[in-house]
Peer 1: 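Please see the structure below; I have some questions.
Computed from a prediction, not measured in an experiment: that's the story for all the values here. Letters A, B, ... mirror the listed sequences (proteins, then strands); counts begin at 1.
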Amino acid sequence: MRRAYFKNNWIAALVVAPQLIIIFVFFYWPASQAIYWSLTLEQPWGGGNTWVGLENFRTVLSDPVYWSSIRVSIIFALASTALAMGMAMILALFADRQLTGYRLYRVGMIWPYAIAAPAVGLAFRFVFNPNAGLFSFINTIAPETWNPTLNGTQALIMVIIAGAWKLVSYNFIFFLAALQSIPRSLTEAAAMDGAGVLRRMRDVQLPLLAPTFFFILVINITDSFTDSFGIVDTLTGGGPARATDLMVYKIYSDGFRGFDYSGAATQSVILMGLVIALTFIQFRYVERRVHYT
Amino acid sequence: MIERTPVLNILTHFILAVGFILLFLPLWIAFVAATHTIQAVNSAPVELWPGNQLWVNMQEAWVKSDFGQKFVNTLIVAVAVVIGKITIAAITAFGIVFFNHRLRMVIFWLIFITLMLPLEVRIVPTYAVAANALLPFQKLMDWTGLTWLIESASGIRVAMEWNLLNSYTGLILPLIATATGTFLYRQFFLTIPDELVEAAKMDGSGPLRFLWDILIPLSRTNIAALATIMFVYAWNQYLWPLLVITDRANYGLVVVELRTLVPDSLTTGGGTPTWHLAMAATLMIMIPPILVVIFMQRWFVRGLINTDK
């Protein structure tokens, strides 16, 4: 514990004030407003709020469209997380062998992280384009087979792949860092005992990756609930027929296109609860760092 | 470790190469599309080898989307957000770590909880705040009766308004609060030995001088790591600028422009989709953060691993 402090507490107040003001205005105030709006019915162009209790929640939760949005969001979160984590883990395990070309492979796995979500969405929109993209050959052989602009399942697959693609780099960075923090003495001891490369991966490295694994799992799921807006917006726009209308996208379209502020605020509160629960799980049950030494 | 595993080495290279190709392929296809004419791009099967139209397409996309001003805007916003975040992280952590007041933990938790409130979940009310950033204070004054008090005392009705829509401030200010940056700085400040603080005090240095002359120079690695990840973060902002900026000609950012480039029936009016221009523009928008990540890789990886939650 620190013993030496500065005495002038007014300077302390001065230096913490800017951040506190910003988080009050842009975080706590809007969050409390969202809760307030979710409990009232607001007229978009003024006219005051009327208190309706949990009526908004009842409306939202009895709407089959909202439940389909929840279903799609969960499928998206689980599938893209599984895909991204599986791929990143395999790549990190093999990259960690540090054979020739290790540095090149590492850069090759990291750079996609730099790309903005809407850019990923737009690029994949072309890649998956039924007339001109990568899969257009399917349609030349069997017309009308591949068309994510009409087929909801195909559109969802496309969004999942784009979402997973964007997460791979992030996961790779964390898996590789965790693998490199495993003491060499452990792997060397295993090698002395006659364990080959694959055996060491399975029995030494994978179990030691467990904390990182759970950390990334929670981060990925949280991320796919919130950060997916950009991908959906340029890739499918929520369509076709709401097949890719993720929860975060629905908040945006209901609030800013439908001007249903109370409905959007109610959905925000539900999503907020979800994010808080996930963050709580992360801090309560998941170790924050990997310490082996 | 010295082992002879020739078969496994080939397998390793194979797996890594496949991974590399899977990650690279979508971007390669986008790049190739940007190098062809509109006819070549829109014919199946997809082109896999670059053509010679890249420069032409990039110029056309640049002019069509009026990228000059927008790149300048994006750069201004990204740099301002980076500087703002680092400054605010450093001074807040300084106020929490080097002063002995009762509110330290309260402030720490107040900042910590913001991690659970990403912009996406509070987007509608945050937009209302952007229309008038002083609204929270006005409401507080109304509720506490302060407005009434001032009105009856001086006859002036307090009505505060500060509209952040269509301004650089509106783009930058809400983004510079940073829980992760504050933690990174707090962790670093906690490693500063007491002796250093005492020595500085003995030499007659006040807190601000200590911050500026000793802590900031010592935290250069922190700054580099934070700056790289924050630059990528700020450059790639999408939802917030999309809402705050309606005057795209003057305040538009390039990443938001991606939305207008989607060649669907709305933008092409039933004509041939302009994929070659969309992909050329996408490439130009991607390049700055990719360069930062590749050339600052060491700092980037360090920043990402140290800050993330």
Side-chain angles (χ1 to χ4, degrees), chain A residues 2-6 8-9 11-12 15-16 18-19 22-23 25-27 29-31 33-34 91 94-95 97 99 105 107-108 111-112 114-119 122-124 126-127 131-134 136-137 140 173 177 191 197 226 229-230 234 248 255 261 264-265 268 271-272 275-276 279, chain B residues 1 5 8-9 12 15-16 19-20 23 26-27 29-30 33 41-42 44-46 88 91-92 94-95 98-101 107 114 116-118 120-122 124-126 129 133 136 174 177 194 197-198 207 232 236 238-239 255 258-259 262 275 278-279 282 285-286 289-290 293-294 301 304-305:
Chain A
R2 184 167 294 279
R3 287 158 288 111
Y5 290 108
F6 288 102
N8 349 28
N9 273 342
I11 291 186
V15 291
V16 296
Q19 172 126 301
I22 291 175
I23 63 173
V25 172
F26 294 107
F27 287 76
W29 179 265
Q33 284 289 292
L91 292 177
F94 283 96
R97 295 191 66 208
L99 302 179
Y105 285 127
V107 180
W111 65 270
I115 299 172
L122 192 54
F124 274 86
F126 176 71
V127 170
N131 303 320
L134 192 58
S136 53
F137 75 93
T140 50
I173 293 170
V197 176
T226 57
F229 176 83
T234 50
V248 58
Y261 287 1
S268 300
L271 190 60
M272 212 185 294
V275 173
I276 290 173
T279 318
Chain B
M1 215 172 309
T5 49
L8 197 63
N9 285 3
T12 305
I15 289 174
L16 291 174
F20 183 80
L23 287 179
L27 262 290
I29 290 173
V41 164
N42 280 293
V46 68
I88 217 159
I91 61 173
T92 314
F94 178 67
F98 289 99
F99 295 88
N100 190 15
H101 50 88
I107 295 169
T114 61
M116 302 187 203
L117 305 170
E120 288 82 2
V121 309
R122 53 188 163 83
V124 183
T126 310
V129 170
D194 279 334
V197 185
E198 273 157 7
V232 174
N236 289 345
Y238 181 63
L239 181 55
V255 177
L258 284 167
R259 164 175 254 255
V262 178
W275 283 114
M279 291 301 113
T282 310
I285 294 168
M286 288 173 182
I290 290 182
V293 167
I294 289 178
V301 169
L304 201 64
I305 288 176

Peer 1: Could you label the plane-to-plane angle of the A/Phe126 and B/Trp275 rings as parallel, tilted or perpendicular, counting under 30° as parallel and over 60° as perpendicular?
Peer 2: tilted

Peer 1: Side chain from CB out, backbone as N, CA, C, O: work out which of these in B/Val121 comes under 4.5 Å of a heavy atom of chain A, or both, or neither.
Peer 2: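 For B/Val121, backbone and side chain are both near chain A.
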
Peer 1: Checking B/Arg122 side chain against A/Trp29 main chain: does a donor-acceptor pair fall under 3.5 Å?
Peer 2: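 The answer is no, because no donor-acceptor pair under 3.5 Å joins these two groups.
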
Peer 1: Taking side chain as C-beta onward, heavy atoms only, is A/Leu122 less than 4.5 Å from B/Met279?
Peer 2: yes

Peer 1: Hey, could you give me the CG/CG distance between A/Leu99 and B/Asn9, rounded to the nearest 0.5 Å?
Peer 2: 4.5 Å

Peer 1: Can you say whether A/Thr234 sits under 4.5 Å from chain B via the side chain, the backbone, both, or neither, judging by heavy atoms?
Peer 2: both

Peer 1: Can you tell me which portion of A/Phe27 sits under 4.5 Å from chain B's heavy atoms? Options are side chain, backbone, both or neither.
Peer 2: both

Peer 1: Are the side chain of B/Asn236 and the backbone N or O of A/Ala117 linked by a donor-acceptor pair below 3.5 Å?
Peer 2: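 No.
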
Peer 1: Picking from B/Ile290, B/Leu258, B/Leu23, which has the most non-hydrogen pairs under 4.5 angstrom with chain A?
Peer 2: B/Leu23

Peer 1: Non-hydrogen atoms of chain B under 4.5 Å away: do they reach the side chain of A/Ala119, the backbone, both or neither?
Peer 2: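 When you check distances to chain B, atoms from both the backbone and side chain of A/Ala119 fall under 4.5 Å.
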
Peer 1: What part of B/Pro118 is in contact with chain A, defined as an atom under 4.5 angstrom from a non-hydrogen atom: side chain, backbone, both or neither?
Peer 2: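 Just its side chain gets close to chain A.
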
Peer 1: Kindly give the heavy-atom pair with the smallest separation between A/Ala12 and B/Phe99, and that separation in Å.
Peer 2: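 Closest approach of A/Ala12 to B/Phe99: CB-CG, 3.4 Å.
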
Peer 1: With chain A as the partner, which of B/Ala133, B/Pro174, B/Ala33 has the greatest number of non-hydrogen pairs under 4.5 Å?
Peer 2: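 Highest number of heavy-atom pairs under 4.5 Å: B/Pro174.
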
Peer 1: Check each atom of B/Phe20 against the heavy atoms of chain A and say whether the ones under 4.5 Å are side chain, backbone, both or neither.
Peer 2: both

Peer 1: Measure the shortest side-chain to side-chain distance between A/Arg97 and B/Thr5 over non-hydrogen atoms and say whether it is less than 4.5 angstrom.
Peer 2: yes

Peer 1: Which one wins on heavy-atom pair count under 4.5 Å against chain A: B/Val124, B/Val255, B/Ile107?
Peer 2: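 Top option by heavy-atom pairs under 4.5 Å: B/Val124.
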
Peer 1: So, using ring-ring contact (aromatic ring centres under 6.0 Å, His included) as the criterion, who are the partners of A/Phe94 when residues are at least two apart?
Peer 2: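 None.
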
Peer 1: With a 4.5 Å cut-off on heavy-atom pairs, point out which of B/Leu16, B/Leu8, B/Ile29 contacts chain A the most.
Peer 2: B/Leu16

Peer 1: Counting only non-hydrogen atoms closer than 4.5 Å, does A/Val25 touch chain B with its backbone (N, CA, C, O), its side chain (CB onward), both, or neither?
Peer 2: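 Both backbone and side chain.
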
Peer 1: Could you check which of B/Val301, B/Ile294, B/Ile15, B/Val293 has the highest count of heavy-atom pairs closer than 4.5 Å to chain A?
Peer 2: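 Heavy-atom pair counts peak at B/Ile15.
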
Peer 1: Please state whether the side chain, the backbone, both or neither of B/Thr12 comes within less than 4.5 Å of a heavy atom of chain A.
Peer 2: both

Peer 1: Testing B/Ile285, B/Val232, B/Leu27 one by one against A/Ile115 for a side chain to side chain contact (heavy atoms under 4.5 Å, CB included), which residue passes?
Peer 2: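 One option only clears the test, and that one is B/Leu27.
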
Peer 1: Among B/Ala30, B/Pro136, B/Pro289, which has the most heavy-atom pairs under 4.5 Å with chain A?
Peer 2: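 If we count pairs closer than 4.5 Å to chain A, B/Pro136 comes out on top.
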
Peer 1: If you take all heavy atoms of A/Gly255 and A/Tyr261, which pair is closest and at what distance?
Peer 2: O-CE1, 3.1 Å

Peer 1: I'd like to verify something: which residue of A/Pro118, A/Ala34, A/Gly108, A/Ala116 has the highest number of heavy-atom pairs under 4.5 Å with chain B?
Peer 2: A/Pro118

